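In what follows, a structure is listed as structure tokens, so that the remarks can point back to it.
Just so it is clear, the values below take in all heavy atoms, side chains as well, and ignore hydrogens, waters and symmetry mates. Treat the numbers as computed from the prediction; the structure is a model and nothing was measured. In what follows, residues are counted from 1 in the order of the sequence shown.
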Amino acid sequence: MPHIIWRTRMSVGVERIDEDHKQLIRHLNDLDLAINHARYDPKLVARTLLHLFEYTKTHFDREEKLMLAVDYPGYEDHKKLHDTAKKALHDISAEFMQHPTKQAAERIYDFTADWLVHHIVMVDTKLTPYIVGNHPAH
């Protein structure tokens, strides 16, 4: 699995949120390393997943507060995307906890990596005009 690399086009224009996204990418890259360690260790993968999930919740909370603070009109839809992602992560993590195979861990990585990069580039960057105050009236 390739490492995810932060790109400037992922920036939403708020240092704290961009740093959160970079940290989430670091956690995903750590998960990639744990999954592909010379000797697969489900405990190492589980610890890495725990860090990723905890940081994801912290980030989603921070981002949702920011959206409310700038009166972002897409807040409800954006929050639903966060809630759907949290549920999907919970469901595939439950599978991993029951059967902590490398394949189950890879499914978590694949889902999370695809979702995160798409969400940052296609959804989170829509926040930028509202954050910098350069948005159409709503």
Side-chain angles (χ1 to χ4, degrees):
M1 292 181 230
H3 274 356
I4 299 170
I5 299 169
W6 171 261
R7 306 229 189 284
T8 7
R9 71 181 178 150
M10 296 172 144
S11 177
V12 297
V14 173
E15 188 176 341
R16 181 66 252 171
I17 300 299
D18 288 342
E19 286 304 316
D20 278 358
H21 289 159
K22 290 174 187 176
Q23 184 62 35
L24 285 166
I25 289 169
R26 282 191 285 276
H27 284 303
L28 273 169
N29 288 336
D30 288 347
L31 178 59
D32 178 44
L33 291 172
I35 291 169
N36 293 297
H37 197 264
R39 187 171 149 255
Y40 177 74
D41 179 0
K43 289 180 184 177
L44 175 61
V45 171
R47 282 194 304 272
T48 307
L49 281 172
L50 183 60
H51 293 299
L52 174 63
F53 295 150
E54 288 173 350
Y55 203 85
T56 299
K57 182 186 177 332
T58 299
H59 168 66
F60 283 174
D61 290 346
R62 186 178 353 262
E63 194 172 89
E64 289 166 11
K65 286 177 186 171
L66 174 66
M67 286 188 280
L68 289 172
V70 299
D71 197 25
Y72 181 60
Y75 170 79
E76 290 297 326
D77 290 336
H78 198 128
K79 185 173 182 342
K80 284 179 190 172
L81 292 173
H82 287 175
D83 293 343
T84 301
K86 286 189 279 191
K87 177 160 180 2
L89 279 171
H90 176 270
D91 292 348
I92 57 180
S93 295
E95 175 191 338
F96 172 79
M97 296 312 275
Q98 288 184 358
H99 307 286
T101 65
K102 184 174 181 175
Q103 292 76 20
E106 287 172 340
R107 278 191 290 281
I108 294 170
Y109 175 89
D110 290 343
F111 168 80
T112 307
D114 289 344
W115 188 91
L116 180 65
V117 171
H118 178 267
H119 185 77
I120 291 171
V121 172
M122 302 304 291
V123 179
D124 285 349
T125 55
K126 291 179 181 177
L127 293 169
T128 302
Y130 295 88
I131 295 166
V132 299
N134 186 18
H135 61 83
H138 58 273

Gap between atom [atom2] of [Y] and atom [atom1] of [X] - 0.5 Å precision:
| X | Y | atom1 | atom2 | answer |
| --- | --- | --- | --- | --- |
| Phe96 | Lys102 | CZ | NZ | 12.0 Å |
| Ile35 | Thr48 | CD1 | OG1 | 8.5 Å |
| Glu106 | Asp32 | CD | CG | 9.0 Å |

[X] and [Y] ion-paired at < 4.0 Å:
| X | Y | result |
| --- | --- | --- |
| Asp83 | Lys80 | no |
| Glu76 | Lys79 | no |
| Asp30 | Arg26 | no |
| Asp61 | Lys57 | yes |

Open item on the list: Tell me if the CD atom of Glu15 is crowded by more than 12 foreign heavy atoms within 6.0 Å.
Closed with: no
- [ ] Evaluate whether atom NZ of Lys86 has more than 12 neighbouring non-hydrogen atoms of other residues, nucleotides or ligands under 6.0 angstrom away.
- [x] yes
Heavy-atom pair with the smallest gap, counting every atom of [X] and [Y]:
| X | Y | result |
| --- | --- | --- |
| Ala85 | Phe111 | O-CE2, 4.2 Å |
| Phe53 | Ser93 | CZ-OG, 2.8 Å |
| Thr125 | Ser11 | CG2-O, 3.7 Å |
| Trp6 | His21 | CZ3-CB, 3.6 Å |

Open item on the list: Quick check on side chain to side chain contact (heavy atoms under 4.5 Å, CB included): which of Asp18, Leu66, Asp20 does Val12 satisfy it with?
Closed with: Asp18
- [ ] Using side chain to side chain contact (heavy atoms under 4.5 Å, CB included) as the criterion, point out the one residue from Ile108, Leu33, Leu52 that pairs with Leu28.
- [x] Leu52
- [ ] Answer yes or no: is there a donor N or O on one side and an acceptor on the other, between the side chain of Asn29 and the main chain of Ile4, under 3.5 Å?
- [x] yes
For a quick test of your reading: what N or O donor-acceptor pairs under 3.5 Å do the side chains of residues 113-122 make, sequence neighbours left out?
residue: His119; atom: NE2; partner: His78; partner atom: NE2; Å: 3.1
residue: His119; atom: NE2; partner: His82; partner atom: NE2; Å: 3.2
residue: His119; atom: NE2; partner: Asp124; partner atom: OD1; Å: 3.0

Open item on the list: Using 30° and 60° as the class boundaries, would you call the ring planes of His27 and His51 parallel, tilted or perpendicular?
Closed with: parallel
- [ ] Evaluate the side-chain proximity of Arg47 to Leu44: yes if any heavy-atom separation is below 4.5 Å, no if none is.
- [x] yes
Open item on the list: Just so I know, are the side chains of Ile17 and His59 near enough to count as touching, which here means a heavy-atom distance under 4.5 Å?
Closed with: yes
TODO: Decide salt bridge (charged side-chain N to carboxylate O under 4.0 Å, His left out) for Glu19 and Lys22; before the verdict, give the C-alpha distance in whole Å, the side-chain angles of both, and the deciding distance to 0.1 Å.
DONE: CA-CA 5 Å; Glu19 286 304 316; Lys22 290 174 187 176; 3.4 Å; yes
TODO: Using the rule that two of Ile, Leu, Val, Met, Phe, Trp, Tyr join whenever any of their side-chain heavy atoms come within less than 4.5 Å, decide whether Leu50 and Ile25 are in one cluster.
DONE: no
Open item on the list: Filter on salt bridge (charged side-chain N to carboxylate O under 4.0 Å, His left out), then keep only pairs touching residues 87-101, sequence neighbours left out; what's left?
Closed with: Lys87-Asp91, Glu95-Arg107
Task: CA sep, side-chain torsions, deciding dist, call: Leu24, Tyr55, side chain to side chain contact (heavy atoms under 4.5 Å, CB included) - done: CA-CA 7 Å; Leu24 285 166; Tyr55 203 85; 3.8 Å; yes
